[in-house]
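On a predicted model such as this, the values are computed, not experimentally measured, just so you know. When a ligand or atom number is given, it counts from 1 through the structure's own listing order.
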Amino acid sequence: MSTPRPPDATAADVGDAVVALRARAPGVLPRVAVVLGSGWGGVTDHMAGAIRIPYADLPGFPQASVEGHAGELWLGRLGAVDVAVMGGRKHGYETGTVDGMKVPLRCLHALGCEVLVQTNAAGSLNADMGPGSLMLVSDHINLPQRSPLVGECGSERFVGMADAYDRALRLGARRVATRLGVHLHEGVYLWCFGPQFETPAEIRAFKLLGADAVGMSTVPETLIARHAGMRVLALSLITNMAAGLSDEPLSHALTLSAAKAASERAGGLLAAVIRSIPLGGAPDAGPS
Ligand code: HPA
């Protein structure tokens, strides 16, 4: 006997968001969803035919509260790929809850997005991966052990995470970076809840755990996307050496200024990576 599903408030919200998006952008069928972290906004300069919709017009989309995170959705094309680019995300540290990206990501999945490309700013634990470096996320460590899937029903909630970051997408990203002559590191991203930065002792411990970079985002969105059946690719922009690994005091201002300095390079690589993503068949437009 299958598990009965209790009424899901999120499902209703996703429906509302889909209706609102279809009304604002009729006929637009994005195939790749992108979440922009600090420093990655330059990708929108490469988009053709972009429509911008403030999150405030989309039910269930997060109201931005962090400087450097814009709070609008861009719909347009990168090469032949129709994309939905989220300029701004909800972080766990803003509210203490980790499901702030559930409605937007499920809405974009319902519209036809089969791939989620995530980007973030992160601190480096590796001396050979300094500020300005770009890192392909090979895997993650969910240090807080929090999940936006708590409360979901059915066996789908037990999502396998062995292949959280899609192997073929990673191979494609590496090939694009090589073609462009961009050095792309690869490593494990460790999610810290924040909003405080880490202590040097924490960073030493995380190094022992196998982390290459630390940041305060990305993992909850990966869990939501994998639960929905989307393939995920994630890229980190290293804005600083992690606590205790350099004399520079950590601050959000430092993250933003390092992110700005790398923005053109990061945006160019991201645009090229997305253009190269192979997609399946045409999505069903669904009821208009
Ligand atoms: N720690 C956590 N999050 C971050 C960092 C860091 O050093 N840099 C950018 N985001």
Requested in this report: Examine the side chains of Tyr189 and Ser138 and answer whether a donor and an acceptor come within less than 3.5 Å of each other.
Outcome: no

Query - Reference residue Leu116; test side-chain contact (heavy atoms from CB on, under 4.5 Å); the match among Leu105, Leu233, Thr222, Leu108 - result: Leu105

Show which side-chain atoms of residues 209-217 pair as donor or acceptor with protein atoms under 3.5 Å away, not counting sequence neighbours.
unit_1	atom_1	unit_2	atom_2	d
Asp212	OD1	Asn126	ND2	2.9
Asp212	OD2	Val188	N	2.7
Ser217	OG	Arg89	NH1	3.4

Query raised in the report: Numbering the atoms of ligand 1 from 1, which are under 4.0 Å from a heavy atom of Gly215?
Result: 2 (C), 3 (N)

Query raised in the report: So Trp191 and Phe193, would you call those rings parallel, tilted or perpendicular, with 30° and 60° as cut-offs?
Result: tilted

Query raised in the report: Using a heavy-atom cut-off of under 4.0 Å, does the side chain or the backbone of Thr239 touch ligand 1, or both, or neither?
Result: side chain

Query raised in the report: Got an N/O contact under 3.5 Å between Asn240 and ligand 1?
Result: yes

Requested in this report: Report, in ascending order of atom number, the atoms of ligand 1 lying under 4.0 Å from any heavy atom of Ala121.
Outcome: 9 (C), 10 (N)

Query - Pairing of Glu198 and Lys207 as salt bridge, 4.0 angstrom limit - result: no

Requested in this report: Sort and list the pairs that fulfil salt bridge (charged side-chain N to carboxylate O under 4.0 Å, His left out) and have at least one residue in residues 171-180, not counting sequence neighbours.
Outcome: Arg174-Glu186

Query raised in the report: Closest non-hydrogen protein atom to atom 1 (N) of ligand 1, residue and atom name please, with distance?
Result: Glu198 OE1, 2.9 Å

**Report entry** Per-residue contact class, Ala243 against ligand 1 - non-hydrogen pairs under 4.0 Å
**Finding:** neither

Query - Distance from atom 5 (C) of ligand 1 to nearest protein heavy atom, with residue and atom - result: Gly123 N, 3.5 Å

Query raised in the report: Any idea which protein heavy atom is nearest atom 4 (C) of ligand 1, and the distance to it?
Result: Val214 O, 3.8 Å

